[in-house]
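Here the structure is laid out as structure tokens; the discussion comes afterwards.
For the numbers below, each heavy atom of this structure counts, side chains included, while hydrogens, waters and symmetry mates do not. Chain letters run A, B, ... following the sequence lines, proteins first and then strands; every chain starts at 1.
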Amino acid sequence: MDGGQESLARPSSVEERRAAEALIVDVDGFEGPLDLLLVLSRTQKVDLRQISILALAEQYLGFVEKARALRIELAADYLVMAAWLAYLKSRLLLPPDPTTEEPSGEDMAAHLAFQLERLQAMREAADALFARPLLGRDVFARGDAEAVTVHRSTVHHASLLDLMQAYARVKTRDEFRPFVMDRRDLMTMEQALDRLRALVGESADWADISAYLPEDWHAAPRRRRSATAATFAASLELAKEGRIEIRQGDIFAPIQIRRKERA
Amino acid sequence: MTQQPEPAQFDAPTRAEAARMIEALLFASPEPLSTTELGRRLPEGTDLTAALEELRARYAGRGVELCRIGDAWAFRTAPDLGHLLERHAVETRKLSRAATETLAIIAYHQPATRAEIEEIRGVSVSRGTIDQLIEMGWVRLGRRKMTPGRPATFVVTEGFLDHFGLSSPRDLPGLRELRAAGLLDSRRAPDEDEGEAGAEQENLF
Amino acid sequence: MTQQPEPAQFDAPTRAEAARMIEALLFASPEPLSTTELGRRLPEGTDLTAALEELRARYAGRGVELCRIGDAWAFRTAPDLGHLLERHAVETRKLSRAATETLAIIAYHQPATRAEIEEIRGVSVSRGTIDQLIEMGWVRLGRRKMTPGRPATFVVTEGFLDHFGLSSPRDLPGLRELRAAGLLDSRRAPDEDEGEAGAEQENLF
């Protein structure tokens, strides 16, 4: 990037020129606008308390201008800081307005100076911390640790209730076999429906549904019950289809069906 | 931390300085250091023997002692303090379902053979399950059964009765009482551990 | 190897005996042991404070020193002997500037909220930075701040103190000067809402 040759703060030495160049090239290298301000402030004075915030604001705004001219994308917080510094600059340059409740430009500048000083202090503190004798680098812990031997023993626990429940569980397993239907004595609704469809067309007269049960399903009560239920369900289905009519004279009276005459 | 004066770089260290250095080296080293190795690490001209002798005397009778291991040196905890470095951790765990059932069957049917237990549980009983109960002191071998093959039987112990607060196995509540107490609902509680049982539990149905 | 008489099981040990025991325990452990942990391991009635003081004096200026780390104690090699021990040095990943600064801010301003860290650095703190410090065992969550939103705070750990050779956060380098210069005050920008301005800055030190 050849723009780096142009100086920001009229650097006198090669180092400073390099630093100014780095400012533009390494925009991503800054840890935010405050960090950038801190770096810029180094070209002014070493003592942050003596720094000219106004000059610093100028430098920062100049930096942002330059970055824009070079079409370098600046993150939003750099632009927010630029706007704020432009505002601060105007407050510092204009005579104070006695009617406003807003803090004076001097107060705002003083706080910025404080922030810079504090950031610088934290940076130095971090360096001081890492300059200490560090564990694993300068100071060492026991190398051959005689780790505490832990003798683990497991005590298994069971209560009388657990025992009784376990016994109850094994002893009653047989009583709880799943119920399996005996298919031989079961008529399905499909079977009844097929049968009924074939038979009901023949009769226009009312007839008990029991008359429709198959011959061999009459005798055994279990088979009769199953067949009756299936035939009844099938007749309901046919009535729904409009093929038959269904009636019952009274509660528990025989259920009768007949072919429905087509209109 | 006390900052010590840096020992002179090129002069041989005094005996006290050398002892300090060996102390730090042996402390930080994961394994014993041989005299050759120590010599390599210390400034030239160090009188190793004298320094090691001083250190050995210094640590004699302390909680940590300087030990010679073959040709090497290391700090070791004084043997009489070994007990401080041990800890006993006791973990309480619920007896597995397989073990509880097996224990219950032995308690209710004793003396019970393995075949009998398997018949009642409907699954085979792993050797480990009975071993565990024996190890816990709740079950022991009873008399062999006078049937073909003379199979071993298992019975519950005094320790078992003691643990469960029973004066005799006859005190165990019968099935009728279990039913009255609502314990015969054989639906499994949802929190029961199926995992352990699973291995042994073939489906009965 | 000198065999010491086994200390009486039920009497409190003498100060010399207690010092021997602590010496063995701390020597064996690479991690600092808290006074609570030491108390648990030693016979009841042991005067820990006196024994630790005796040990500290005994090891002062030696190659290995007794260090206080927060509420815990550990033996560490003397800092001036680091050059002898380079072979044991663990290559640590170099921390990013964001991480070292964040660590310093948490150490000097603790308990510090994320917002406070961001205010000082003038840039948002990525989740990963604090996570990394927590993972290294140098930072942990402190109590929530009693300000609106009850933000979480971060504080440094004993692992931090141990790594940087500090007995307590009060020993942080330059802490006094920084405080005197007002650089540890939580001062808000004059054009910002005064409402929450550090009304409740709990100061640890």
Side-chain angles (χ1 to χ4, degrees), chain B residues 1-9 13 15-31 33 37-43 46 51-52 54-69 74-89, chain C residues 1-7 9 13 16-30 33 37-38 40-43 46 51 55-69 74-90 164-167 171:
Chain B
M1 230 166 271
T2 323
Q3 198 72 27
Q4 285 287 316
E6 181 82 13
Q9 283 293 349
R15 185 156 72 162
E17 276 168 350
R20 268 188 92 230
M21 292 173 175
I22 296 171
E23 200 174 21
L25 279 169
L26 292 181
F27 175 82
S29 172
E31 70 265 340
L33 292 179
E37 179 67 21
L38 281 172
R40 218 187 344 257
R41 299 284 206 66
L42 293 176
T46 303
L52 281 165
E54 169 164 332
L55 267 191
R56 180 157 27 193
R58 192 179 167 83
Y59 279 92
R62 304 290 314 158
V64 172
E65 294 174 351
L66 184 61
C67 300
R68 185 180 191 131
I69 298 149
F75 282 117
R76 290 281 180 258
T77 312
D80 66 304
L81 295 179
H83 65 279
L84 286 174
L85 299 178
E86 289 174 16
R87 228 175 52 205
H88 294 270
Chain C
M1 234 170 273
T2 321
Q3 195 72 25
Q4 284 287 313
E6 180 84 11
Q9 281 294 350
E17 279 167 350
R20 266 188 93 230
M21 292 175 175
I22 295 172
E23 197 175 22
L25 280 171
L26 292 182
F27 233 85
S29 168
L33 292 181
E37 178 67 19
L38 284 173
R40 218 189 342 256
R41 302 277 203 78
L42 294 176
T46 304
L55 268 189
R56 170 131 69 174
R58 191 179 168 83
Y59 278 90
R62 304 289 315 157
V64 171
E65 297 176 346
L66 182 61
C67 300
R68 183 184 191 130
I69 296 145
F75 279 115
R76 297 286 180 249
T77 59
D80 67 299
L81 297 177
H83 63 281
L84 283 176
L85 299 161
E86 267 159 35
R87 234 184 53 159
H88 300 298
V90 226
F164 291 93
L166 301 163
S167 290
D171 295 347

From the list Ala24(C), Ala19(C), Ala16(C), the residue making the most non-hydrogen contacts under 4.5 Å with chain B is Ala24(C)

Rounded to the nearest 0.5 angstrom, the OG1-CE distance for Thr77(C) and Met21(B) is 12.5 Å

Taking every heavy atom of Arg20(B) against every heavy atom of Ala78(C), the minimum-distance pair comes out as NH2-CB, 3.3 Å

* **Side chains of Glu17(B) and Leu81(C) in contact at under 4.5 Å (non-hydrogen atoms)** => no

Of all heavy-atom pairs linking Gly63(C) and Glu23(B), the shortest is N-OE1, 2.8 Å

If one checks every heavy atom of Leu38(C) against chain B at 4.5 Å, the contacting part turns out to be neither

Residues at least two apart in sequence or cross-chain that pass ring-ring contact (aromatic ring centres under 6.0 Å, His included) with Phe75(C), listed by chain then number, are Phe27(C), Tyr59(C)

Residues passing the salt bridge (Lys or Arg N to Asp or Glu O under 4.0 Å) test with Arg58(B), sequence neighbours excluded, are none

Closest non-hydrogen atoms of Leu84(C) and Arg41(B), given as atom of the first, atom of the second and distance, are CD2-O, 3.3 Å

